Amino acid sequence: MSHGHSHGGGCSCESDHSDAPERGLEYGLFRKIDLDKLQCLNESREGSGRSVFRAWEERHDRSLFVESDDDEELLFNIPFTGNVKLKGIVLIGEDSDTHPAELRLFKNVPHMSFGDTGREADQTFSLNIDVSGNLEYPTKISRFSNVSHLSIHISKNFGAENTKIYYIGLRGEWTEAHRHEVTICNYEATANPTDHKVSQITPQTHFIS
């Protein structure tokens, strides 16, 4: 079954370069996800939502997927181990009505629930059927330049009762926060100096793409 649904938010086709080695490096942000704390709401099998965030080279593995349970919606709460500049997203599903039709992004709203999805998203994409990862949906980088937590809301599919996703790829840059101890001394007339340690954060940027 083929679908000719239009897509919003803009996407770029990478079919000529999808297997190039650099693509695996570009979509390396999955390594910077705190997987132990990642949540996927309405997943039919507990823990399956984590499996769709994996290496680009493993994107065609059909044994790893997440499927929605009660209805077509899914909500991923994704904490990163540092700060991320998110540049693009790829999503792979089936060539059927179970493929997501709309994807909504929320930044820095930890522990979102479906009750929170009524708020305006930071960016919304209307999706095309993509079974191989050929379509990238570019984010508005100015909005996603300092992301410590990303929520992905799959709000609808193409008409099926449930939604199925095999792979989600995140492209961007990751910044690690290094803490350095700085000592501040408060001198008092009748007391010894008291040291108060204050943490300062010095960013170092690691380019994923």
Side-chain angles (χ1 to χ4, degrees), residues 18 23-94 96 98-117 121-123 125 127 130-133 135-137 139 144 147-157 160-177 206 208-209:
S18 61
R23 290 280 280 179
L25 295 176
E26 289 177 354
Y27 284 90
L29 277 183
F30 74 95
R31 298 185 184 92
K32 307 304 181 182
I33 296 173
D34 189 343
L35 284 176
D36 290 337
K37 296 180 181 178
L38 186 148
Q39 295 178 318
C40 180
L41 304 186
N42 198 36
E43 57 186 0
S44 61
R45 182 167 50 88
E46 185 176 356
S48 58
R50 297 186 182 98
S51 69
V52 302
F53 299 93
R54 58 184 187 269
W56 172 257
E57 293 78 14
E58 300 171 7
R59 69 193 183 280
H60 294 310
D61 186 346
R62 291 300 191 257
S63 68
L64 299 173
F65 60 88
V66 62
E67 194 167 15
S68 64
D69 190 11
D70 293 332
D71 54 24
E72 75 279 12
E73 292 188 68
L74 286 165
L75 179 60
F76 298 89
N77 286 316
I78 308 163
F80 294 105
T81 58
N83 291 321
V84 163
K85 178 186 289 186
L86 184 65
K87 296 182 176 181
I89 293 182
V90 164
L91 186 148
I92 295 176
E94 285 191 332
S96 73
T98 65
H99 193 292
E102 185 176 80
L103 181 152
R104 306 171 72 229
L105 297 181
F106 301 84
K107 66 174 184 180
N108 300 335
V109 188
H111 310 298
M112 276 191 71
S113 68
F114 285 110
D116 299 318
T117 59
D122 289 293
Q123 192 165 0
F125 298 101
L127 305 182
D130 186 1
V131 298
S132 58
L135 299 176
E136 179 188 90
Y137 298 90
T139 64
F144 295 93
V147 180
S148 59
H149 186 284
L150 181 70
S151 294
I152 299 176
H153 178 213
I154 305 299
S155 54
K156 58 185 177 182
N157 57 28
E161 183 176 346
N162 302 101
T163 296
K164 194 171 187 177
I165 298 172
Y166 288 107
Y167 172 83
I168 295 177
L170 304 175
R171 183 172 66 86
E173 301 169 11
W174 175 76
T175 302
E176 182 180 9
H206 302 264
I208 302 297
S209 61

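Owing to the predicted nature of the structure, the values given are computational and were not obtained by experimental measurement.
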**Message:** Please determine whether side chain to side chain contact (heavy atoms under 4.5 Å, CB included) holds for the pair His111 and Gln39, giving the CA-CA distance in whole Å, both sets of side-chain angles, and the decisive distance to 0.1 Å.
**Reply:** CA-CA 8 Å; His111 310 298; Gln39 295 178 318; 4.1 Å; yes
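- In summary, of the residues considered (Arg62, His60, Glu58, His99), a side-chain contact (heavy atoms from CB on, under 4.5 Å) with Tyr166 occurs for Arg62 alone.
- Minimum heavy-atom separation, Phe76 to Phe53: CD2-CE1, 3.7 Å.
- When Ile78, Ile92, Ile152, Val66 are each tested for a side-chain contact (heavy atoms from CB on, under 4.5 Å) with Ile168, only one passes: Ile152.
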**Item:** Candidate pair Val52 and Leu64, rule side chain to side chain contact (heavy atoms under 4.5 Å, CB included), full reasoning
**Value:** CA-CA 7 Å; Val52 302; Leu64 299 173; over 6 Å; no
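- The side-chain hydrogen bond (donor to acceptor under 3.5 Å, both in side chains) test with Tyr27 is passed by exactly one of Glu136, Arg54, Arg59: Glu136.
- In this structure, CZ on Phe144 lies 7.5 Å from CD1 on Ile89, to the nearest 0.5 angstrom.
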**Request:** Test side chain to side chain contact (heavy atoms under 4.5 Å, CB included) on Trp56 and Tyr167 and set out the steps.
**Result:** CA-CA 9 Å; Trp56 172 257; Tyr167 172 83; 3.5 Å; yes
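- Once rounded to the nearest 0.5 Å, the distance linking CZ of Phe65 with OG of Ser51 reads 8.0 Å.
- A donor-acceptor pair under 3.5 Å is absent between the side-chain atoms of Asn77 and the main chain of Leu38, judged by distance alone.
- Val147 places a side-chain heavy atom less than 4.5 Å from the side chain of Asn108.
- Side-chain N or O atoms of Ser68 include one that pairs as donor or acceptor with a backbone N or O of Thr163 at under 3.5 Å.
- Atom NZ in Lys156 sits 10.0 Å away from atom CG in Leu127 (nearest 0.5 Å).
- When all heavy atoms of Ser63 and Asp61 are compared, the pair lying nearest together is OG-OD1, 2.6 Å.
- In terms of heavy atoms, Val109 sits closest to Met112 at O-CG, 3.2 Å.
- Taking every heavy atom of both residues into account, Cys40 and Gly49 meet most closely at CB-CA, 3.9 Å.
- Ring geometry for Phe114 against His153 counts as perpendicular: the plane angle is over 60°, on a 0 to 90° scale with 30° as the lower cut.
- With values rounded to the nearest 0.5 angstrom, His149 atom NE2 is found 14.0 Å from Lys107 atom NZ.
- For Thr139 (side chain) and Leu86 (main-chain N/O), a donor-acceptor pair under 3.5 Å exists by modelled atom type.
- Between the side chain of Asn42 and the backbone N or O of Glu73, at least one donor-acceptor pair lies under 3.5 Å.
- Atom CG of Leu75 sits about 10.5 Å away from atom OG of Ser155, to the nearest 0.5 Å.
- Between the CZ atom in Phe80 and the CD1 atom in Ile33 there is a gap of 5.5 Å [rounded to 0.5 Å].
- Scanning both residues, Ser148 and Asn83, for their nearest heavy atoms gives CB-OD1, 3.7 Å.
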**Message:** If you apply the rule side chain to side chain donor-acceptor pair (under 3.5 Å), what do you find for Asp34 with Thr81, and how did you get there?
**Reply:** CA-CA 6 Å; Asp34 189 343; Thr81 58; over 6 Å; no
**Request:** Go through the steps for Ile154 and Leu91 under the test side chain to side chain contact (heavy atoms under 4.5 Å, CB included), then give the verdict.
**Result:** CA-CA 11 Å; Ile154 305 299; Leu91 186 148; 4.1 Å; yes
**Request:** Before giving the answer on salt bridge (charged side-chain N to carboxylate O under 4.0 Å, His left out), spell out for Lys32 and Glu176 the whole-Å C-alpha distance, their side-chain angles and the decisive distance to 0.1 Å.
**Result:** CA-CA 10 Å; Lys32 307 304 181 182; Glu176 182 180 9; over 6 Å; no
